[in-house]
Each structure stands twice: as C-alpha cells, then as structure tokens.
Amino acid sequence: MDLINKYVWLVDTIYKAGRITYEEINQKWIEQEMDDNPIPLRTFHKWRIAIEEMFHLNIECERKGGYHYYIGNVNEIKRGGLRNWLLKNISVSNLLLDCQSLKDRILLEDIPSGQEYLATILDAMKTNNQLCITYHGYWRKDATTFTVYPYCVKLFKQRWYLVALSPYDKKVRVYGIDRIKDMEVEDEHFVYPDDFDPDSFFEGCIGVIVDEEYGIETVRLKVTANQSNYIRSLPMHSSQKETERNDDYSIFTLEVRPTYDFQQEILKNGADMEVLSPEWLRNEIARKIEKMYNNYK
C-alpha cells in the first residue's frame with residue numbers, strides 16, 4: 001500500500017505540473033517530506049513502468065529543453081472512470097494521513113454499513129460465482145433470501161449498490177448493499193453476458209433507479225444565477241449543457257430519464273430551479289411542491 005501511495009503521489013505531482021523535470025520532482029519529494037532522500041533515477045523509472053501497468057497511464061519524456069516528464073494519455077484522468085476515482089481517493093487519503101495533527105479539524109461524511117460485503121461481492125464478480133443474499137428492502141416487512149448473479153457495483157450518495165440478475169424472473173435489479181443482512185458465495189457459476197454494459201444499463205439515469213417507464217428526454221432547467229455556479233461546477237449529468245446565461249439566471253439542458261432520483265435532485269434546489277420542459281415533468285414537480293405546501297398549511 002505504501003508503494004501504491006508513492007505511485008499516486010508521482011502521478012498527481014506530474015499531472016498538476018503538466019511538464020516537470022526529474023530534479024523538480026525530487027525537490028517536491030523532499031519539500032513535502034515524503035522522504036529525506038531523493039528518488040534514485042532507477043527507482044523512478046521502475047515506478048513509471050509500474051504506473052503504466054497498474055493505472056494504464058504513460059509517463060513520457062520530452063527531451064527538448066531539459067528532459068521534462070508528462071502524462072502522455074492525460075485524457076484517461078480527465079474523462080473519469082475507475083482509475084481516476086482511485087487516483088483521486090488515494091491522493092486525498094495520502095493528504096489526510098499527512099495531516100494527523102489536524103484530525104479534529106477535518107470533518108468527513110459517514111458511509112452507512114454494508115462495506116463489509118463489498119469485498120465478497122467483488123471476489124464473486126471476478127470468478128462469476130453466484131451469490132446467496134438475505135436482503136431486507138425498506139418497503140418489505142421481513143427479509144428474504146435468494147440467489148443473484150452479481151454484474152457490477154455502483155457508488156451513489158455515500159452508498160454502495162449491487163447490480164445483479166435475478167435468475168427467477170431474468171431481470172436485472174439494483175440492491176442497496178447496506179440492506180444486505182447476510183451473504184454467501186455459492187459454488188455454482190454464471191455466465192456474464194457479453195451484451196451487458198453497466199454504462200448502457202444506467203444510460204440517462206441520475207442515481208440508481210432504472211425505470212423503463214421513463215425514456216430519455218430533453219429536460220430544460222432554469223436556474224438562478226447564484227445556484228448556477230454550483231450546477232456549473234458540479235454537473236447533474238454528463239449530458240448537461242448551458243444553453244443560455246445572463247445576470248439573473250441560466251438555462252441548462254440535459255438528456256436524462258426523469259426518474260424519482262432525478263426529480264429529487266430538482267426538488268433539493270428549491271426555488272432556485274424551475275423545470276421549463278417537458279410539460280409533464282413541470283406539472284409533476286408542481287404537484288409535489290403543492291403536496292409539500294399542504295403538509296405545512
């Protein structure tokens with residue numbers, strides 16, 4: 001783990017610098033108290049190879065003007081995905097570990113229980129083993145036990161979710177891992193379908209609700225100028241585009257499935273966000289606002 005942290009530090013240092021020499025890397029290495037001794041050149045090149053194998057990131061050298069190192073396929077970091085998530089999280093973990101003296105001044109969000117089963121699920125995914133889970137959904141009185149085929153996992157709002165096929169009705173369902181009460185890996189294997197793609201499964205979705213009753217639609221949102229800064233810096237969806245902007249408001253368009261999760265994202269913005277279209281969604285949000293108002297009358 002210590003070696004992985006060093007790999008991440010090196011990637012993060014080169015990424016932030018854009019172009020940086022071996023001497024400048026060592027200067028930062030010592031300044032940030034990673035070690036009292038500089039990184040030997042041979043070790044540096046070993047780390048470059050390991051980083052390429054582990055994260056598929058190529059640290060290349062520009063020989064003109066003094067041997068500057070840079071990340072050749074930097075778009076692999078910019079476009080997101082698992083490796084980007086890992087790099088960011090390990091980088092933040094390293095930063096926090098170096099700030100133990102500030103532990104009482106750094107406040108973090110808690111993640112609900114359920115992570116104890118995450119390793120078991122990932123192991124079953126690697127070997128395509130069936131899982132027997134005891135699951136207690138929020139809408140059921142009692143827990144039930146059944147077999148599933150684990151396809152993928154997804155993190156949403158501090159909760160991990162298991163996406164799995166139910167062999168009984170042949171439907172792919174989403175299960176909150178924190179609602180799993182017990183789990184066993186079965187000896188039987190399943191065949192992971194070639195035509196299943198997790199990104200396609202959640203196409204147009206915000207959150208984990210995949211409701212086939214909702215097709216992908218163009219949604220137009222009018223957002224106040226102040227709130228637009230938040231929506232602009234942390235987009236609601238990858239399809240988000242800002243089509244109009246002035247001193248009072250901005251208009252954003254998204255290609256999404258307007259499921260329950262998406263509607264909750266709209267409502268949490270309160271009076272700072274207004275649905276312009278489609279008309280049915282505007283009416284649905286208005287109905288929910290009216291119901292909320294009636295609760296307080």
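For this chain, numbers begin at 1 and follow the sequence in order.
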Student: Where does the angle between the aromatic ring planes of Tyr135 and Phe146 fall among parallel (under 30°), tilted (30 to 60°) and perpendicular (over 60°)?
Tutor: perpendicular

Student: Are Leu267 and Leu221 connected, step by step, through hydrophobic side chains (Ile, Leu, Val, Met, Phe, Trp, Tyr) whose heavy atoms are closer than 4.5 Å?
Tutor: yes

Student: Tell me whether Lys157 is salt-bridged to Glu265, with the criterion being a basic N under 4.0 Å from an acidic carboxylate O.
Tutor: yes

Student: Between Ile59 and Ile14, is any pair of side-chain heavy atoms under 4.5 Å apart?
Tutor: yes

Student: Can you tell me if Thr43 uses its side chain to pair, donor with acceptor, with the backbone of Ile39 under 3.5 Å?
Tutor: no

Student: Kindly give the heavy-atom pair with the smallest separation between Val275 and Ile285, and that separation in Å.
Tutor: CG2-CG1, 4.0 Å

Student: Quick check for you: to the nearest 0.5 Å, what is the distance between Gln263 atom CD and Ile206 atom CD1?
Tutor: 11.0 Å

Student: State, to 0.1 Å, how close Glu242 and Ser250 come at their nearest heavy-atom pair, and which atoms those are.
Tutor: OE2-OG, 2.8 Å

Student: Is the shortest heavy-atom distance from the side chain of Ser277 to the side chain of Val219 under 4.5 Å?
Tutor: no

Student: Check for me, please, whether Ile121 and Phe190 land in the same ILVMFWY cluster - side-chain distances under 4.5 Å, paths through other members count.
Tutor: no

Student: Flag this pair as yes if the NZ/CZ of Lys222 is under 6.0 angstrom from the six-membered ring centre of Tyr249 and inside a 45 degree cone about the axis; otherwise no.
Tutor: yes

Student: Taking side chain as C-beta onward, heavy atoms only, is Leu131 less than 4.5 Å from Val185?
Tutor: yes

Student: Any side-chain heavy atom of His68 sitting closer than 4.5 Å to one from Ile20?
Tutor: no

Student: In the hydrophobic clustering that connects Ile, Leu, Val, Met, Phe, Trp and Tyr at side-chain heavy-atom distances below 4.5 Å, which members other than Tyr293 occupy its cluster, ordered by chain and number?
Tutor: none

Student: Nearest 0.5 Å, please: how far is CD in Glu244 from CG in Leu276?
Tutor: 9.0 Å

Student: Look up atom CG in Leu10 and atom OH in Tyr15, then write down how far apart they are to the nearest 0.5 Å.
Tutor: 15.0 Å

Student: Begin from the C-alpha positions of Tyr67 and Tyr22 and carry the test ring pair (Phe, Tyr, Trp, His ring centres under 6.0 Å) through to its verdict.
Tutor: CA-CA 8 Å; Tyr67 289 88; Tyr22 167 70; over 10 Å; no

Student: Can you get from Leu155 to Leu162 by hopping between Ile, Leu, Val, Met, Phe, Trp and Tyr side chains that sit under 4.5 Å apart?
Tutor: yes

Student: Taking side chain as C-beta onward, heavy atoms only, is Val148 less than 4.5 Å from Gln130?
Tutor: no

Student: Under 3.5 Å, is there a donor on one side chain and an acceptor on the other for Thr127 and Asn129?
Tutor: yes

Student: Can you tell whether the side chains of Glu60 and Arg48 come within less than 4.0 Å, N to carboxylate O?
Tutor: no

Student: Minimum heavy-atom separation for Ser166 and Arg173, please, with both atom names.
Tutor: CB-NE, 4.2 Å

Student: Would you call Val223 and Asn269 a side-chain contact if the rule is heavy atoms closer than 4.5 Å?
Tutor: no

Student: Without hydrogens or angle criteria, can the side chains of Thr253 and Gln240 be said to hold a donor-acceptor pair below 3.5 Å?
Tutor: no

Student: How is the hydrophobic cluster of Leu234 composed, in terms of its other members, when Ile, Leu, Val, Met, Phe, Trp and Tyr link through side-chain heavy atoms under 4.5 Å apart, directly or indirectly?
Tutor: none

Student: Indicate yes or no: at least one non-hydrogen side-chain atom of Ile266 is less than 4.5 angstrom from one of Phe262.
Tutor: yes

Student: Give me the atom names and distance for the closest heavy-atom approach of Ile71 to Val11.
Tutor: CD1-O, 3.9 Å

Student: Is there a donor-acceptor contact under 3.5 Å from the side chain of Asn26 to the main chain of Trp29?
Tutor: no

Student: Could you walk me through whether Arg287 and Glu284 pass the salt bridge (charged side-chain N to carboxylate O under 4.0 Å, His left out) test, one step at a time?
Tutor: CA-CA 5 Å; Arg287 184 187 68 80; Glu284 177 64 17; 2.8 Å; yes

Student: If the threshold is 4.0 Å, N to carboxylate O, is there a salt bridge linking Glu217 and Arg257?
Tutor: no

Student: Shortest non-hydrogen contact from Glu186 to Cys132?
Tutor: OE2-CB, 3.3 Å

Student: Just wondering, are more than 12 heavy atoms of other shown residues or ligands nearer than 6.0 Å to OH in Tyr192?
Tutor: yes

Student: With ring pair (Phe, Tyr, Trp, His ring centres under 6.0 Å) as the test, would you mind laying out the steps for Tyr69 and Phe44 before giving the verdict?
Tutor: CA-CA 11 Å; Tyr69 291 93; Phe44 171 72; 4.9 Å; yes

Student: Please check if atom NZ in Lys288 has more than 12 non-hydrogen atoms from other residues, nucleotides or ligands closer than 6.0 Å.
Tutor: yes

Student: Once you round to the nearest 0.5 Å, how far does CG of Asn229 lie from CD of Gln227?
Tutor: 8.5 Å

Student: For the backbone of Lys141 and the side chain of His136, can you confirm whether one donor and one acceptor N or O come within less than 3.5 Å of each other?
Tutor: yes

Student: How long is the straight-line distance from CD1 of Ile177 back to NZ of Lys154, given to the nearest 0.5 Å?
Tutor: 13.0 Å

Student: Applying the 4.5 Å side-chain criterion to the ILVMFWY set and letting contacts propagate, would Phe156 and Val153 be lumped into a single cluster?
Tutor: no

Student: Under 6.0 Å from the six-membered ring centre of Phe252 and within 45° of its axis: does the NZ or CZ of Lys241 meet both?
Tutor: no

Student: Spell out, yes or no, whether Val210 and Val256 are grouped together once hydrophobic residues are joined by side-chain heavy atoms under 4.5 Å, including indirect joins.
Tutor: no

Student: Would you confirm whether Thr145, through its side chain, and Thr134, through its main-chain N or O, come within 3.5 Å as a donor-acceptor pair?
Tutor: no

Student: Can you check whether His56's main-chain N or O pairs, donor with acceptor, with Asn73's side chain at less than 3.5 Å?
Tutor: yes

Student: Step through the shown structure and confirm whether more than 12 heavy atoms of other residues, nucleotides or ligands are within 6.0 Å of OH on Tyr138.
Tutor: yes

Student: May I ask you to test the Ile25-Trp9 pair for a side-chain heavy-atom distance under 4.5 Å?
Tutor: yes

Student: So which atom in Glu255 and which in Thr218 form the shortest heavy-atom distance, rounded to 0.1 Å?
Tutor: OE2-OG1, 2.7 Å

Student: When you measure from the side chain of Tyr117 to the backbone N and O of Lys181, does any donor-acceptor pair fall under 3.5 Å?
Tutor: yes

Student: Kindly say whether Val8 contributes a backbone atom to a donor-acceptor pair with the side chain of Asp12 at under 3.5 angstrom?
Tutor: no

Student: Taking NZ, NE, NH1 and NH2 as the nitrogens, is one of them in Glu31 or Lys28 under 4.0 Å from a carboxylate oxygen of the other?
Tutor: no

Student: May I ask you to decide if Ile209's main-chain N or O and Asp261's side chain share a donor-acceptor pair within less than 3.5 Å?
Tutor: yes

Student: Examine distances only and state if a side-chain atom of Glu52 and a backbone atom of Ile49 form a donor-acceptor pair shorter than 3.5 Å.
Tutor: no

Student: Could you please spell out the steps behind the side chain to side chain contact (heavy atoms under 4.5 Å, CB included) verdict for Met236 and Met273?
Tutor: CA-CA 12 Å; Met236 299 174 68; Met273 181 175 289; 3.9 Å; yes

Student: What distance do Leu165 atom CG and Phe196 atom CZ have between them, rounded to the nearest 0.5 Å?
Tutor: 9.0 Å

